[in-house]
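Given the structure is predicted, the values throughout are model-derived calculations rather than measurements.
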Amino acid sequence: MKKIAITGANGYLTSLIQLYNGNDYKFIRVSTKDSDLSHPDLVYAYFDALDMDVVVHTAAIAATAACQNEPERIHRVNAQSAVEIAKVCRDKQKKFIFISTEQVYNGKSETGPFAEEDVPLTVTNYGLHTKHVENYVILRRSSQIGLALPDVHPSVNLIKQTLSAICSQNPTYFTVNEKRGITYASV
C-alpha cells in the first residue's frame with residue numbers, strides 16, 4: 001500500500017482526502033505537533049526520516065492578516081519549508097504535490113478563471129509566498145468551503161464566519177483586496 005505523508009493533517013481538505021482515500025493509501029499525518037514549519041532548517045531532517053512514497057503538502061498559514069503582520073515567520077512556513085520538503089522528495093526520488101492557491105492572481109485587474117499559462121500577479125504576502133514555491137511545483141486550487149462532517153472539521157471559512165456573525169449579531173470583516181473563486185467541498 002502506498003504511503004502518503006500529508007501535511008496540514010487536521011485541515012478540511014486533508015480530512016476529506018483521507019476520508020475518501022483511507023482504504024487505498026496509508027496516510028502519515030503530519031501536523032504542527034510533528035514538524036514545526038516555522039523552522040525550515042529542521043523540516044528537511046524530519047521529512048528525510050519518513051518512510052513515504054508521496055508528500056501532499058497542504059499546510060500553510062493563509063490568514064491575510066497574519067501574512068501581512070508576520071511576513072518573515074509566514075514566509076518560513078509557507079515558502080521555505082515547502083521548498084525543503086520538495087528537496088527531500090527530489091533527493092529520495094519521491095512524489096511531491098504542493099497545493100497552491102489562486103491568490104497568486106489577486107493583483108490582476110481582470111477576473112478569472114485563469115489558465116496555467118497566465119502570468120501571476122499578487123498583492124498579498126500569502127500570494128507572494130505561494131508564488132515562490134510555484135517555481136518548484138504547482139497544483140493550484142480555489143478556496144474550498146464546506147460544513148463539518150464526522151471527523152472532518154473545516155477551518156474558519158466564509159460560511160462559518162458569516163453564520164457566526166449572524167448568530168452572535170456581531171459584525172464580521174472580510175479582506176477586500178482578495179479575489180477568490182470558491183469551491184464547495186462535501187460528501
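Shortest non-hydrogen contact noted between Q80 and P40 is OE1-CG, 3.5 Å. Across every non-hydrogen atom of R76 and S38, the tightest pair is NE-O, 2.9 Å. F47 and K92 get closest at one heavy-atom pair: O-NZ, 3.7 Å. For A59 against G8, the heavy-atom pair with the smallest separation is CB-N, 3.5 Å. Across every non-hydrogen atom of S31 and N10, the tightest pair is CB-ND2, 3.8 Å.
F98 CZ to H57 NE2: the interatomic distance, rounded to the nearest 0.5 Å, is 6.0 Å. Here K26 contributes atom NZ and D53 contributes atom CG; the two are 10.5 Å apart, rounded to the nearest 0.5 Å. Taking CD1 from I4 and NZ from K94, the interatomic distance works out to 12.5 Å, rounded to the nearest 0.5 Å. Interatomic distance, I74 CD1 to Q68 CD, rounded to the nearest 0.5 Å: 10.0 Å. Between atom OG of residue S35 and atom CD1 of residue I85 there is a gap of 6.5 Å, rounded to the nearest 0.5 Å.
Within a 6.0 Å radius of OH in Y44, other residues, nucleotides and ligands contribute more than 12 heavy atoms.
A heavy-atom distance below 4.5 Å is not found between the side chains of Y46 and V43. Side-chain atoms of M52 and V88, non-hydrogen and from C-beta on, do get closer than 4.5 Å to each other. A heavy-atom distance below 4.5 Å is found between the side chains of F27 and I17. Using a 4.5 Å heavy-atom cutoff, the side chains of E70 and V77 are not in contact. You'll find the side chain of I97 reaches within 4.5 Å of the side chain of V54, heavy atoms only. Side-chain contact between K95 and V55 is absent, with no heavy atoms from C-beta onward closer than 4.5 Å.
R90 is linked by a salt bridge (charged side-chain N to carboxylate O under 4.0 Å, His left out) to nothing, counting only residues two or more places apart in sequence or in another chain. Partners of L42 under the side-chain contact (heavy atoms from CB on, under 4.5 Å) rule, at least two apart in sequence or in another chain, are H39. For S81, there are no side chain to side chain donor-acceptor pair (under 3.5 Å) partners, not counting sequence neighbours. Evaluation of the side-chain contact (heavy atoms from CB on, under 4.5 Å) rule for A45 yields no partner, not counting sequence neighbours.
A donor-acceptor distance shorter than 3.5 angstrom exists from the side chain of T7 to the backbone of T58, with no hydrogens or angles considered. Side-chain N or O atoms of N78 include one that pairs as donor or acceptor with a backbone N or O of I61 at under 3.5 Å.
Listed by first then second residue, pairs satisfying salt bridge (charged side-chain N to carboxylate O under 4.0 Å, His left out) with a partner in residues 28-52 read K3-D51, not counting sequence neighbours.
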